[in-house]
Amino acid sequence: MKPEVYITRRLPAAAMKRLQEFCQPEIWDSDELAAPYEEMRARLPGKAGLLCLLTDRVDAALMDAAPGLKVISQCAVGYDNIDVAAATARGIPVGNTPGALTETTADFAFALLMAGARRIVEGMDYVRGGHWKTWGLQLLLGQDIYGATLGIVGLGRIGAAVARRARGFNMRLLYHNRQRHPEYEAELGIEYRPLDELLAESDFISLHLNLTAQSRGLIGEREFNLMKPNAVLVNTARGGVVQTEALYNALKAGRIAHAALDVTDPEPLPADHKLLTLPNITIAPHIASASTETRSRIAMMAVENLEAGLQGRPLPWPVNWVG
Ligand code: DGY
């Protein structure tokens, strides 16, 4: 008998095929809506594995609904939706998908940076709204990217990949991180700054932090007040790193020039949210890693973690260490 597992979203075809070779999956079969918590809790009893997404709250109560749970496999690199300490206490290995989405996410962060700098979405709205009557000398003036200063908050794999792209634009590079990274400083010519100094010096600020108790709400009113009026804030990390009310106020008052976001708090952002009334914001629906190749790759990694956990082997990409 193959072990039974619960999968909280339909996976790309190759991953689905691979999955069926070693387990019996029950799937929340929707691409539109996340599996409701109560649904997951009702479906988990008797399951040996859970393959979940960043939209799924995986807490101690959910784990306790499946006493035979042998593995939790997150189909994403971030795992702030999972109570990893609770999983570790129960001896359940948790896996994620690091590395696979680095370049794709960095591409998107840079696309957001450019869209914000050059007001591309505002331009599209202008054309669509029928306002384009002539070539305008002062129309939709943005700011130069080449030669500007980029501050990267959180210099991990993705932050470094963004910095590599920025070098092609001859940008001056700063970073803030819990630990210094001499290897990146040497490779990229990137300079360390305390957070406040980075915020005050940068024309572009790109966030690449995990969401933790320390990083939640890191960018608030005080931090916006430190930024330059021309600053463009890019967030492809997690919405919760930025205080939404403070962001709204900073954009509305012109304290900063633009925010270009792939992630928001709340997420999804309701269509009537006040952030969407602002002209100086670009928002994408958490799609930074959404290339066909990358999403297929991360799904396959999640399946491999799941298989290893079901077979009692160490996970190829573990988040925790269980005895
Ligand atoms: C992640 O993996 O954490 C991204 O936010 C989605 O790909």
Side-chain angles (χ1 to χ4, degrees), residues 7-12 14-15 28 30-35 50-59 71-84 87 94-113 152-162 165 177 206-219 233-242 244 259-269 282-306 315-320:
I7 315 287
T8 66
R9 207 68 60 89
R10 207 178 302 145
L11 303 177
W28 170 254
S30 167
D31 274 339
E32 308 297 318
L33 290 175
L50 171 65
L51 192 153
C52 53
L53 301 189
L54 51 88
T55 44
D56 307 321
R57 175 162 55 93
V58 181
D59 58 13
V71 56
I72 298 171
S73 175
Q74 168 90 337
C75 188
V77 67
Y79 50 85
D80 47 278
N81 56 307
I82 301 175
D83 186 340
V84 176
V94 178
N96 71 338
T97 64
L101 45 75
T102 301
E103 301 300 333
T104 305
T105 304
D107 281 351
F108 199 81
F110 217 82
L112 284 176
L113 183 155
I152 293 180
V153 184
L155 190 65
R157 276 183 289 251
I158 299 173
V162 170
R165 283 155 179 74
N177 201 61
S206 194
L207 304 177
H208 300 284
L209 301 153
N210 294 328
L211 182 62
T212 62
Q214 291 71 43
S215 68
R216 185 176 290 281
L218 182 75
I219 306 295
L233 177 71
V234 177
N235 191 3
T236 52
R238 285 291 182 266
V241 175
V242 177
T244 300
L261 313 173
D262 184 47
V263 288
T264 57
D265 182 19
E267 197 171 296
L269 198 69
T282 302
I283 303 184
H286 204 149
I287 54 170
S289 69
S291 72
T292 308
E293 295 83 353
T294 291
R295 288 287 170 86
S296 300
R297 205 157 45 230
I298 66 173
M300 200 56 102
M301 289 169 78
V303 167
E304 286 178 34
N305 271 334
L306 185 76
L315 308 195
W317 299 280
V319 162
N320 62 349

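As the structure lists them, so they are numbered: ligands from 1, and atoms in each ligand from 1. Here the structure is a predicted model, which means the values were calculated and not measured.
In L101, the part holding a heavy atom less than 4.0 Å from any atom of ligand 1 is the side chain. In I298, neither the side chain nor the backbone holds a heavy atom less than 4.0 Å from any atom of ligand 1.
Counting heavy atoms from C-beta on, the side chains of L113 and V162 never come closer than 4.5 Å. Using a 4.5 Å cut-off on side-chain heavy atoms (C-beta onward), D80 and T212 make no contact.
Listed by number with element, the atoms of ligand 1 under 4.0 Å from a non-hydrogen atom of G78 are 1 (C), 2 (O), 3 (O). Of all the atoms in ligand 1, the ones that sit under 4.0 Å from a non-hydrogen atom of R238 are 1 (C), 3 (O), 4 (C), 5 (O). Taking every heavy atom of H286 and a limit of under 4.0 angstrom, the matching atoms of ligand 1 come to 4 (C), 5 (O), 6 (C).
On a distance-only criterion, A76 and ligand 1 share no N/O pair closer than 3.5 Å. Considering backbone and side-chain N/O of V77, one or more are found under 3.5 Å from N/O of ligand 1. At under 3.5 Å, not a single nitrogen or oxygen of R295, backbone or side chain, sits near a nitrogen or oxygen of ligand 1.
Between the side chains of S215 and R238, not a single donor N or O lies within less than 3.5 Å of an accepting N or O.
In this structure a side-chain-to-backbone donor-acceptor pair under 3.5 Å is missing from N305 to Q74.
Shortest contact from atom 7 (O) of ligand 1 to any protein heavy atom: S289 OG, 2.6 Å.
Within a 6.0 Å sphere centred on CZ of R216, other residues, nucleotides and ligands contribute 12 heavy atoms or fewer. The environment of CG in N210 is sparse: at most 12 heavy-atom neighbours from other residues, nucleotides or ligands sit within 6.0 Å.
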Going through the distances and angles, do T264 and T244 end up as a side-chain contact (heavy atoms from CB on, under 4.5 Å)?
CA-CA 8 Å; T264 57; T244 300; over 6 Å; no

